[in-house]
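Please read the structure below before turning to the comments.
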Number of protein chains: 2
Amino acid sequence: MISGKFLLGRGRHELSDEEQRVLEDSIGSVRQVAARKQIVRAGVIIDTSTLLLEGFVCRYMDDRDGQRQLVAVHVPGDFVDLHAFPMRRLDHDIATLGPVKIACYDHQTLETITERYPHLTRKLWFSTLLDAAMHREWIFRLGRLGAEGRVAHLFCELNERLEMVGLAADGRYMLPMTQPDIAEASGLTGVHVNRVLRSLREKNLLTFKANEVCILDRKALAAVAEFEPQYLYGSNGP
Amino acid sequence: MISGKFLLGRGRHELSDEEQRVLEDSIGSVRQVAARKQIVRAGVIIDTSTLLLEGFVCRYMDDRDGQRQLVAVHVPGDFVDLHAFPMRRLDHDIATLGPVKIACYDHQTLETITERYPHLTRKLWFSTLLDAAMHREWIFRLGRLGAEGRVAHLFCELNERLEMVGLAADGRYMLPMTQPDIAEASGLTGVHVNRVLRSLREKNLLTFKANEVCILDRKALAAVAEFEPQYLYGSNGP
DNA sequence: CGTGCTCTTGAGGGTGATCAAGGATGGTGG
DNA sequence: CCACCATCCTTGATCACCCTCAAGAGCACG
């Protein structure tokens, strides 16, 4: 089942077999996209939404000088732009980080689902609200943490999310982001991210080299990040 | 119709008369709450959601030292915590700014709506996604703007939103926020907000005194704020 | 008429930006 | 296969923005 990572670790088991089948059968097409390609442009009306199957995708907005601010990073199992279904057009751009595989859902198909499967609809709704919860945490990250905390927080969040879908273990995972990418996600410059990473490395908290993240001291890193994962609404939570 | 501000300026006219009646008849109770009171606490399972009728409400998270970061400000017509319906518990606290009047909706009633009125459900879903869009803009604000831009952006956004519900005109509106509140929304300190406000005043862009905001030069203020209101999905947009 | 809170202003310090330059890496085309 | 070019990584020096600390004035409320 290629849609099998959707809501994995976040109550996927609450979906009935029929609902899982509906999700799988509603896939319009599966596409591969190369690294660093834009896949949705802000303001354009769209009539499909994409479930991320493999790889990483980011959402971002540009400032006046063309500087990017990442507003979200998506991992496999995320319904990247499901919110385009109720909204019709997006207020931001979406691009791939590494190469990705995505499944496309026609909005017409989704509309049929909302008419026939209210419980599944509520789960789809829920999944868009997870994005909002992560947005809020990012606001907190940028508003209240210093540079080290921001970077640490990002790595903590991704570790947690990737663990849920089986793509991280023992605090290790692959992440196709550069230091400038981290900077764009953290409201910092690439230069400063470099210094922060060195500092985290020298404190034996974390290494990040050749796209591989190794969290060496999870507890201490979480402390630096003021990271408390409840906002991710994982099934294993309280 | 006391629920009449819901989605006003954002496609309320797309709701049929029947849907508007359902919304109105589904109100469980109407309550008044004093200024500076917490109305929802993070982590607690809740079974009602609240539509803001009058006054202002904020959502916030605390850092380790108990410092607040506001993640949202709500104005009349906003369904403050509708996302609690699919999520069951919230990841943050909610408190009033000034005194407010709110309408409460039982989640059981909302569940009935999702079963009988798929189109209305999609509109409710949409309204929660507006919050997410504003979250994204706040991430941008904190990540890419300096102090002046952040404060200016907040005032621009509130002006736009209050205009939609008839609570702002000519760039003037009442806002029960203090300078420390603005600081908590902008990732700054109260002291620095004070300096920023003075600077904005000296540039003849804006005044903020005794809870009244007067935008003197809308265009110039929007330029400082890099404010582009498409993300608010107003009906009058392109 | 105190008692807080907010607003205001000043002085000094630290975090992270900017500017600059060299080395490493990887993709592309000859 | 190798030359070339772009991008990333790394480090140093300097500077600006915003925080911290401090203190007084204004104002609402009991």
Side-chain angles (χ1 to χ4, degrees), chain A residues 34-37 58 63-70 95-99 141-154 174-203 206-213 224, chain B residues 34-37 63-69 95-99 141-154 174-203 206-213 224:
Chain A
R36 308 280 157 176
K37 297 289 178 204
C58 67
D63 75 1
R64 187 185 296 144
D65 310 326
Q67 295 256 61
R68 297 207 295 184
Q69 173 65 45
L70 298 203
T96 59
L97 287 165
R141 219 165 54 90
L142 296 175
R144 287 287 161 250
L145 300 184
E148 283 208 0
R150 293 187 204 175
V151 173
H153 192 286
L154 179 64
M174 299 307 295
L175 181 70
M177 289 178 81
T178 65
Q179 290 181 5
D181 291 336
I182 309 280
E184 289 174 346
S186 306
L188 301 167
T189 58
V191 171
H192 200 62
V193 165
N194 184 279
R195 297 190 221 273
V196 166
L197 286 174
R198 174 165 44 135
S199 164
L200 292 172
R201 198 184 325 122
E202 284 168 354
K203 290 177 181 168
L206 171 106
T207 65
F208 178 49
K209 199 166 179 71
N211 288 341
E212 184 176 26
V213 179
V224 170
Chain B
R36 308 280 157 176
K37 296 289 177 204
D63 76 2
R64 187 185 298 145
D65 308 326
Q67 295 255 61
R68 297 207 297 184
Q69 172 65 46
T96 59
L97 287 166
R141 218 164 57 89
L142 295 175
R144 287 286 160 252
L145 299 184
E148 282 208 2
R150 293 187 205 174
V151 173
H153 193 286
L154 179 64
M174 300 307 294
L175 182 69
M177 290 177 82
T178 65
Q179 289 181 6
D181 291 336
I182 309 280
E184 288 174 347
S186 305
L188 301 168
T189 58
V191 171
H192 200 61
V193 165
N194 184 278
R195 296 189 220 275
V196 167
L197 286 174
R198 173 165 46 135
S199 165
L200 291 173
R201 196 183 328 122
E202 284 168 355
K203 290 177 181 168
L206 171 107
T207 65
F208 177 50
K209 198 163 181 72
N211 288 341
E212 184 175 25
V213 179
V224 169

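In what follows, chains carry the letters A, B, and so on, assigned in the order in which the sequence lines appear, proteins first and then strands, with residues in each chain numbered from 1.
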Euclidean distance, atom [atom1] of residue [X] to atom [atom2] of [N] [Å, nearest integer]:
X: A/E212; N: D/dC9; atom1: CD; atom2: P; answer: 15 Å
X: A/Q67; N: C/dA17; atom1: CD; atom2: C1'; answer: 11 Å
X: B/E202; N: C/dT8; atom1: CD; atom2: P; answer: 11 Å
X: A/F208; N: D/dT10; atom1: CZ; atom2: P; answer: 10 Å
X: B/H192; N: C/dA11; atom1: NE2; atom2: P; answer: 17 Å
X: A/N211; N: D/dC8; atom1: CG; atom2: P; answer: 11 Å

Among [options], the one nearest [X] by side-chain distance:
X: A/T189; options: D/dC9, D/dC18, C/dA17; answer: C/dA17
X: B/V191; options: C/dA17, D/dC19, D/dC21; answer: D/dC21
X: B/R195; options: C/dA11, D/dC18, D/dT11; answer: C/dA11

**Report entry** For B/E148 against B/L200, the heavy-atom pair lying closest together
**Finding:**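 Answer, listing the atom of B/E148 first, then B/L200: OE1-CD2, 4.0 Å.
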Query raised in the report: Do you know the tightest heavy-atom contact between A/T96 and A/R36?
Result: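 Taking every non-hydrogen atom into account, OG1-N, 2.9 Å.
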Query raised in the report: For C/dT8, does either OP1 or OP2 sit under 4.0 Å from a side-chain N or O belonging to B/Q179?
Result: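 Indeed, a polar side-chain atom of B/Q179 lies that close.
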Query raised in the report: So, is B/N194 close to the C/dC7 phosphate, meaning a side-chain N or O under 4.0 Å from OP1 or OP2?
Result: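 Answer is no, no contact under 4.0 Å.
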Query raised in the report: Quick one: on DNA chain C, does B/R36 or B/R198 contact a more 5' nucleotide (nearest heavy atom)?
Result: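 It is B/R36 whose nearest nucleotide is closer to the 5' end.
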Query - Derivation and outcome, side-chain contact (heavy atoms from CB on, under 4.5 Å), residues B/L206 and B/L197 - result: CA-CA 8 Å; B/L206 171 107; B/L197 286 174; 4.1 Å; yes
So what does [X] hit on the nucleic acid, given a heavy-atom distance under 4.0 Å: a base, only sugar-phosphate, or nothing?
X: B/T178; value: sugar-phosphate
X: B/L197; value: nothing
X: A/G146; value: sugar-phosphate

Query - Test log, rule side-chain contact (heavy atoms from CB on, under 4.5 Å), inputs A/R141 and A/L154 - result: CA-CA 9 Å; A/R141 219 165 54 90; A/L154 179 64; 3.7 Å; yes
